[in-house]
Amino acid sequence: MNITYISKSQSQALKGCALFMMVFLHLFNQTSNLQTTFSLCEVDGVPLVNFMSRGMGPVEFYLFLSGYGLYYLCKSRKLTGGGNIARLAKLIIIYWLSLLVFVTIGHFIKSEVYPGKVLTWVQNITAFRTTYNGEAWFLFPYLLTSLTCMGLFKLLDRFRGLKVFIVCIGLYMGSCFLISRYYASYFDCHYAVYHVVLYMQFMLPFMSGAIFCKYADNEQNDILKRFFNRIPQWALILFLLLLYISRCIISSAAFSPFYVCMFILLFLRIKWWNWLEHCMMFLGKFSTSVWLIHTWFCYYLFHDFIYGFHYPMLILVVEFAVSIMSGYVIQKIAAMVYRMLRL
C-alpha cells in the first residue's frame, strides 16, 4: 500500500473523524454557549473544550477526500457526467429532506422565523444563502466544485501536480484575504461573487486530494513508505497530537489546508484500535446527514435542551445521539426517494 493510498474503509473512518470534528466544533467554539457548562480547566483564558475546538476544521477534510475519490473514479472511468449529476442529486435530496423536517418543526416553535418570506425560502432551497441552517454554507460552492471537477482534473492531467498545487495556494491565499477584509462590507450583499471566491478557496484542499491520488502509485512514494514504517506507532500518535495542538494555537486559515494534508498522512499510517476504527467508520456512514442536521438541535431549535446537560461530554453524547437518530431516518427516506427516481 502506497503512502497516499486511501481505501474505502480509511475514507469512511476519515469522514467519521471529520464529522466528530464538525459536531465538536459547533458545540464548543462559541464561549457564549458555554456560560452554564462545567469546565475542568481553562487554556489561554477560555474553557478547555473551546480551546480544543480550534483544531477542528472539517470542511477541508471533506474536500480533500472528495477530490481524492472523484479523481480516482475519473481515472477508473467510473465517473461520468450523468453519474456525477446523480451523485449531487442524492446530496441535494438529503438537504431538502432535512429542510422539510426541521423547517416544519421550526414553524411550530418559531413561526416568526420559519419559513419566512418567499425569497428566504428560495435562497435556502437552492442553498444559495442558507439562512435557516448557516452551517450548510459550504453546499453551494461544493456543488460548483463538483460540477466542474472533470475540467479541473483535465488541467491536473495536463500539468505537473506541483504547478497546480502552487496555483491553488495562490487562489486560496487570495480568497482568504478577500473574505477576511471584505465580507461584511461587500460579500454579505453580493453573494454570487462570494460563492465565486469560496469556489477559489475550495480549490486547494479539493485539488490536494486529487494530486495525492494522481501520484499514489508513484515509485518515489516507496521512500516515504519505508520512512514511515521505521517510525514506531507511539511516535506517529505523538506527532499527530502535536500537530493537532499546533492547529489549536495557530488560528490562521492559511495553515489549515497544510494541516489537513499532514493530518491525513499520519492518520493513514497509524494502526488504530479496532473499536475506535469501527466507531469512526460508523460515524462516517452518517457524515452527510448529521452535518446538515446537528446545528438544528444545538443552535436553532433546541439550544437550551442540548446545553442544559451542562457537562461537555454529556452535551456531545446527546447531540450525537439525536443527530444520528434523525440522520438515520432521513437517510432511509432518501433511499426510498433514490429508488423512485432511479438514482
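Everything numeric in this text was worked out from a predicted model, so none of it was measured. Sequential numbering from 1 along the given sequence is applied to the chain's residues.
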Non-hydrogen side-chain atoms of [X] and [Y] separated by less than 4.5 Å:
| X | Y | result |
| --- | --- | --- |
| Val103 | Trp121 | yes |
| Tyr114 | Leu301 | yes |
| Val197 | Met200 | yes |
| Arg87 | Ser146 | yes |
| Met22 | Met56 | no |
| Gln201 | Cys176 | yes |
| Ser208 | Phe258 | no |
| Tyr62 | Leu19 | yes |

Assess whether side-chain contact (heavy atoms from CB on, under 4.5 Å) is satisfied between Asn124 and Tyr95, documenting all intermediate values.
-> CA-CA 10 Å; Asn124 281 277; Tyr95 173 63; 4.3 Å; yes

Aromatic rings [X] and [Y]: how do their planes relate, parallel, tilted or perpendicular, breaks at 30° and 60°?
| X | Y | result |
| --- | --- | --- |
| Phe28 | Phe24 | perpendicular |
| Phe64 | Phe212 | perpendicular |
| Tyr259 | Phe61 | perpendicular |

Have a look at Phe102 and tell me which of Phe302, Tyr300, Phe297 forms a ring-ring contact (aromatic ring centres under 6.0 Å, His included) with it.
->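 Exactly one candidate clears the test, Phe297.
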
Steps toward side-chain hydrogen bond (donor to acceptor under 3.5 Å, both in side chains) verdict (Tyr199, Ser175) | CA-CA 9 Å; Tyr199 174 81; Ser175 60; over 6 Å; no

Honestly curious: do [X] and [Y] fall in one hydrophobic cluster under the side-chain, below-4.5 Å linking rule?
| X | Y | answer |
| --- | --- | --- |
| Leu25 | Ile293 | yes |
| Trp273 | Ile237 | yes |
| Leu283 | Val317 | no |
| Met280 | Trp275 | yes |
| Phe320 | Leu314 | yes |

Output yes when a side-chain donor or acceptor of [X] lies under 3.5 Å from a complementary backbone atom of [Y], and no otherwise.
| X | Y | value |
| --- | --- | --- |
| Arg247 | Ile250 | yes |
| Ser111 | Phe108 | no |
| Thr130 | Ala127 | no |
| Ser11 | Lys8 | no |
| Gln10 | Ser7 | yes |

Write down the atom of [X], the atom of [Y], and the distance for their closest heavy-atom approach.
| X | Y | value |
| --- | --- | --- |
| Ile330 | Ser98 | CD1-CA, 3.8 Å |
| Met21 | Pro58 | CB-CB, 4.2 Å |
| Ala235 | Ile231 | CB-CG2, 3.6 Å |
| Asp188 | Ala184 | CB-O, 4.1 Å |
| Gln12 | Lys285 | NE2-CG, 3.3 Å |
| Glu319 | Cys298 | OE1-CB, 3.5 Å |

Atom pair [atom1] ([X]) and [atom2] ([Y]), whose distance is rounded to the nearest 0.5 Å:
| X | Y | atom1 | atom2 | value |
| --- | --- | --- | --- | --- |
| Tyr215 | Leu162 | OH | CG | 8.0 Å |
| Met173 | Cys168 | CE | SG | 12.0 Å |
| Leu143 | Leu91 | CG | CG | 6.0 Å |
| Ile125 | Thr120 | CD1 | OG1 | 12.0 Å |
| Ile93 | Leu341 | CD1 | CG | 5.0 Å |
| Phe267 | Ile6 | CZ | CD1 | 10.0 Å |

Quickly, which of Ile105, Leu97, Thr104 forms a side-chain contact (heavy atoms from CB on, under 4.5 Å) with Val101? Name it, please.
-> Ile105

Is there a side-chain contact (heavy atoms from CB on, under 4.5 Å) between Asp157 and Lys75 once you walk through the steps?
-> CA-CA 10 Å; Asp157 290 337; Lys75 293 296 101 180; 2.6 Å; yes

Between [X] and [Y], is the gap from one ring center to the other below 6.0 Å?
| X | Y | answer |
| --- | --- | --- |
| Tyr307 | His303 | yes |
| Phe138 | Trp291 | yes |
| His195 | Phe140 | yes |
| Tyr182 | Phe187 | no |
| Tyr191 | Tyr194 | yes |

[X], [atom1]: over 12 other non-hydrogen atoms inside 6.0 angstrom:
| X | atom1 | result |
| --- | --- | --- |
| Phe255 | CZ | yes |
| Phe153 | CZ | yes |
| Trp96 | CH2 | no |

Might you work through the side-chain contact (heavy atoms from CB on, under 4.5 Å) test for Ile264 and Val260, ending with a clear yes or no?
-> CA-CA 6 Å; Ile264 290 175; Val260 170; 3.8 Å; yes

Does the side chain of Tyr299 pick up a donor-acceptor pair with the side chain of Gln30 at under 3.5 Å?
-> yes

Between Ser66 and Tyr142, a side-chain donor and acceptor under 3.5 Å = yes

Could you walk me through whether Thr295 and Asn133 pass side-chain hydrogen bond (donor to acceptor under 3.5 Å, both in side chains), step by step?
-> CA-CA 7 Å; Thr295 48; Asn133 180 4; 2.8 Å; yes

Decide whether a cation-pi geometry holds between Lys214 and Tyr71; the criteria are a distance under 6.0 Å from NZ or CZ to the six-membered ring centre and an angle within 45° of the ring axis.
-> no

